[in-house]
Number of protein chains: 2
Amino acid sequence: MRYEQLADLPCSITRPLVVLGDRWTLLILKEAFAGVRRFNAFQSGLGIPRSRLQDRLGRLVDHGILVRQQAADGDHAEYRLSRKGHDLYPILMAIRDWGDAHMAPDGPPVHYRHRDCAGEARVTLACDCCGERMTAHDVVPEAGPGLLAHVDAVYGAGVDGPES
Amino acid sequence: MRYEQLADLPCSITRPLVVLGDRWTLLILKEAFAGVRRFNAFQSGLGIPRSRLQDRLGRLVDHGILVRQQAADGDHAEYRLSRKGHDLYPILMAIRDWGDAHMAPDGPPVHYRHRDCAGEARVTLACDCCGERMTAHDVVPEAGPGLLAHVDAVYGAGVDGPES
DNA sequence: AAAGGCGGTCTCTTTTCGAGACCGACGCTA
DNA sequence: TAGCGTCGGTCTCGAAAAGAGACCGCCTTT
């Protein structure tokens with residue numbers, strides 16, 4: 001039970017990872033972005049055990065990342081990305097960038113091209129104010145409102161901190 | 001043994017995930033980017049079992065993501081990010097962006113500010129040719145050199161495909 | 001000599017995973 | 001209408017991984 005408690009920490013990296021950080025979840029989402037929607041297609045595409053897939057799809061639906069519905073034409077089930085799930089795409093592209101750079105000795109297996117353009121999709125880290133490109137060295141962490149709310153919730157609002 | 005075999009697939013999302021896709025690995029790296037270098041600091045910072053931490057640090061060192069060395073001043077061990085490890089930062093920032101957007105009801109717990117600037121670090125997906133911002137809908141996958149090399153390796157070079 | 005910090009190991013129990021059989025519902029087709 | 005294939009989904013069971021916590025040798029400090 002210790003691991004799940006990490007989701008309560010006031011950290012926007014930790015909280016998603018409690019949901020996404022396991023063997024299969026991000027691979028399932030990768031398939032979803034590739035257009036896969038059906039249970040059996042996920043299963044055969046990844047080789048994931050059926051019971052595991054069932055569990056992971058359920059969790060993603062519970063978190064509002066996938067939406068389960070009946071297909072319009074037939075009557076089989078469909079798992080589609082919600083808006084929230086769709087927003088995960090930059091994460092997968094960031095992983096791909098790293099994979100292309102460090103785990104693809106023969107060059108990228110797949111180009112992710114811009115529709116009707118010679119270019120390719122790339123993830124960049126930049127300042128949303130001045131637009132300058134950034135690396136980890138340029139980043140300074142600073143407490144935000146979510147942290148203060150967390151402190152209030154844990155130690156009670158109206159006090160300065162855990163001194164009592 | 002099935003899961004590890006995914007690392008052989010010609011996919012730059014799958015291959016990194018076989019290394020990074022488990023409960024703790026990305027959390028350990030998050031700590032590393034926060035400046036943590038010592039075994040006990042990782043352990044107490046995350047609450048990870050010591051044996052688990054030992055295993056994960058070893059794997060990250062094996063993959064050249066962390067480098068283990070003796071500290072300059074004292075004689076304790078130090079785990080530092082290599083260049084390859086440093087390049088993982090956009091992945092963590094992409095996760096954070098999503099966490100801030102979808103799992104931080106009270107606002108971001110932490111701002112990741114640009115040094116000496118009011119702005120904040122943001123991940124964006126854009127075309128490396130025309131610079132236009134992109135989403136999953138704008139991306140068209142296309143076979144790259146790594147895929148062809150993989151086909152050659154599996155089916156033998158000099159043939160057109162798996163027809164033999 | 002005692003105490004405490006360090007990275008690291010070992011053991012034991014619980015949890016999760018993997019493989020594959022199995023299920024009912026539905027749609028074909030003979 | 002009986003047989004067959006496909007669909008999403010469930011169940012069982014042995015194997016692998018995770019969690020906890022004690023334990024270790026080494027070193028420094030007191």
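For clarity, every value in this text was computed on a predicted model and none was experimentally measured. Below, chain A is the first sequence line, B the second, and so on; all start at residue 1.
Between the side chains of His102(A) and His63(B), no donor-acceptor pair of N or O atoms lies under 3.5 Å.
Between the CG atom of Leu57(A) and the P atom of dG9(D) there is a distance of 8 Å, rounded to whole Å. Atom P of nucleotide dA16(D) and atom CG of Asp22(B) are separated by 18 Å, given to the nearest angstrom. When rounded to the nearest whole Å, the span between CZ of Arg59(A) and P of dC17(C) equals 7 Å. At whole-Å resolution of the value, CG in Leu66(B) and P in dG7(C) are 14 Å apart.
For the pair Arg56(A) and dG9(D), the criterion of a side-chain N or O lying under 4.0 Å from OP1 or OP2 is not met. Residue Tyr79(B) places none of its side-chain N or O atoms closer than 4.0 Å to OP1 or OP2 of dC6(C). The phosphate of dG18(C) has OP1 or OP2 within less than 4.0 Å of a side-chain N or O from Trp24(A). Between dG19(D) and Arg23(B), a contact under 4.0 Å exists linking OP1 or OP2 to a side-chain N or O.
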Given Watson-Crick and G-U pairs under 3.5 Å, DNA chain C in dot-bracket ([ ] crossing, | other strand) is ||||||||||||||||||||||||||||||
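Other residues, nucleotides and ligands place no more than 12 heavy atoms under 6.0 Å from the CG atom of Asp116(A).
For the pair Arg23(B) and Tyr3(A), the cation-pi test (distance below 6.0 Å, angle within 45°) is passed.
Within the structure, salt bridge (charged side-chain N to carboxylate O under 4.0 Å, His left out) pairs that include any residue of residues 38-55 of chain B comprise Asp55(B)-Arg59(B) (at least two apart or interchain).
Every residue meeting the side chain to side chain donor-acceptor pair (under 3.5 Å) condition with Glu120(B), not counting sequence neighbours, appears here in chain and number order: Arg96(B), His111(B). Not counting sequence neighbours, the partners of Glu142(A) by the side chain to side chain donor-acceptor pair (under 3.5 Å) test are Arg113(B).
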Short N/O separations, protein against nucleotides 24-30 of chain D, under 3.5 angstrom:
none

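Under the 6.0 Å cut-off for aromatic ring centres, Tyr79(A) and Phe39(A) do not qualify, their centroids lying 6.0 Å or more apart.
At a non-hydrogen distance threshold of 4.0 Å, Arg38(B), Phe39(B), Asn40(B), Arg50(B), Ser51(B), Gln54(B) from residues 30-54 of chain B come into contact with DNA chain C.
Contact annotation: the side chain of Trp98(A) approaches that of Met103(A) to within less than 4.5 Å [non-hydrogen atoms, C-beta and beyond]. Side-chain atoms of Met93(A) and Val123(B), non-hydrogen and from C-beta on, never get closer than 4.5 Å to each other. Using a 4.5 Å heavy-atom cutoff, the side chains of Cys129(B) and Cys117(A) are in contact.
Of the charged side-chain nitrogens involved, none lies within less than 4.0 Å of a carboxylate oxygen, so that Arg133(B) and Asp138(B) do not count as a salt-bridged pair.
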